[in-house]
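Bear in mind that the values here come from a model prediction, so they are computed numbers and not experimental data.
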Amino acid sequence: MSAGVPAVQVPETLDAWRMVATRRQFEGRVALSALSRLSGSLADTEGECSFTLEFGHDALQVPFIELTLETGLPLVCQRSLERFVFPVKAVQRLGLIRDEEQEAALPPGYEPLLVPEDGMLRPLDLVEDELVLALPVVPVSPDSEPVDRTWSASEEEQQAASPFAALAALKKK
């Protein structure tokens, strides 16, 4: 967090352009159970996410939101099928754009965020989007044992798996 304006609790909706103009900063916490799009990918919804939203302009006068979040996501390990907590600590800078043509003008390191015409954003949607993106494709606990065994099919299994094996059996008869 920057040493500018002190952080306050985050409202349900914000006017993005007003927040950028006043360089506002918000801190919040949200229960994982309140994030419906995320909860289907979790082992359970125990825990919460703490986040900070910082609005401003960079040196090139690009309006941005810097989203910082920290949480532990309860996932099911795909090796052991046991619950583990996947730590997430992320900082994402979102470049605010009014239309898709402005995306190309964003500096490197910015993710585009298309702001609706009315300028209103739901901060918890931004938090949930980043948490969904932070989910691993295949959750594997760092404590699980790696599978080192080499699997090879026997000759019978290979023949049975062949789509022409049944035809070969018919030809022999």
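Judged purely by atom type and a 3.5 angstrom limit, Ser39 uses its side chain to pair as donor or acceptor with the backbone of Ser36. Here the side chain of Gln102 pairs a donor or acceptor atom with the backbone of Arg98 at under 3.5 angstrom. Thr71 places a side-chain N or O within 3.5 Å of a backbone atom of Glu48 that can act as its donor or acceptor partner.
Using a 4.5 Å cut-off between side-chain heavy atoms of Ile, Leu, Val, Met, Phe, Trp and Tyr, with links allowed through other members, Leu38 and Leu124 fall into the same hydrophobic cluster. Taken together through direct or relayed side-chain contacts under 4.5 Å among Ile, Leu, Val, Met, Phe, Trp and Tyr, Leu53 and Val62 form parts of separate hydrophobic clusters. Residue Leu121 is grouped with residue Val132 when hydrophobic side chains (ILVMFWY) are merged at heavy-atom distances under 4.5 angstrom, including chains of intermediate members. Under the 4.5 Å side-chain heavy-atom criterion for Ile, Leu, Val, Met, Phe, Trp and Tyr, Val138 and Leu42 are members of distinct hydrophobic clusters. Tracing side-chain contacts under 4.5 Å through hydrophobic residues (I, L, V, M, F, W, Y), one never reaches Leu133 starting from Leu67; they form parts of separate clusters.
For the atom pair Leu14 CG and Met120 CE, the distance stands at 7.0 Å (nearest 0.5 Å). To the nearest 0.5 Å, the span separating OG1 on Thr45 from CG on Leu35 amounts to 9.5 Å. Summarising the geometry, atom CG belonging to Leu94 is positioned 12.0 Å from atom CG belonging to Leu114; distances are rounded to the nearest 0.5 Å. Note that the CG atom of Leu75 and the CG atom of Leu135 stand 6.0 Å from one another [nearest 0.5 Å].
Residues Gln92 and Glu111 are in side-chain contact: their nearest non-hydrogen atoms beyond the backbone lie under 4.5 Å apart. Considering only heavy atoms from C-beta on, Phe84 comes within 4.5 Å of Pro139 through its side chain. The closest side-chain heavy-atom distance from Leu96 to Phe64 is not below 4.5 Å. By the 4.5 Å heavy-atom criterion applied to side chains, Leu113 and Leu126 are counted as neighbours. Counting heavy atoms from C-beta outward, Gln25 and Thr52 have side chains that approach closer than 4.5 Å. Side-chain atoms of Glu54 and Met19, non-hydrogen and from C-beta on, never get closer than 4.5 Å to each other.
Ser141 approaches Cys77 most closely through the heavy-atom pair N-SG, 3.4 Å. Heavy atoms only, all atoms of each residue included: Arg29 and Ser50 are closest at NH1-CB, 3.3 Å. Contact detail for Leu106 and Gly95: the closest heavy-atom pair is CD2-CA, 3.9 Å. Here the closest heavy-atom approach between residue Leu131 and residue Leu73 is recorded as O-CD1, 4.3 Å. Considering every non-hydrogen atom in both Val20 and His57, the closest pair reads CG1-CE1, 3.1 Å. Scanning all heavy atoms of the two residues, the minimum distance from Asp58 to Tyr110 falls at OD2-OH, 2.5 Å.
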Leu69/Glu130 under side chain to side chain contact (heavy atoms under 4.5 Å, CB included): CA gap, chis, key distance, verdict:
CA-CA 9 Å; Leu69 49 88; Glu130 289 304 317; 3.7 Å; yes
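For residues 10-20, the side chain to side chain donor-acceptor pair (under 3.5 Å) pairs, not counting sequence neighbours, are Glu12-Arg122.
Remark: Arg24 fails to qualify as a cation-pi partner of Phe55 under the 6.0 Å distance and 45° angle criteria applied to the six-membered ring.
A salt bridge between Asp129 and Arg37 is present, with a side-chain N of the basic residue lying under 4.0 Å from a carboxylate O of the acidic one.
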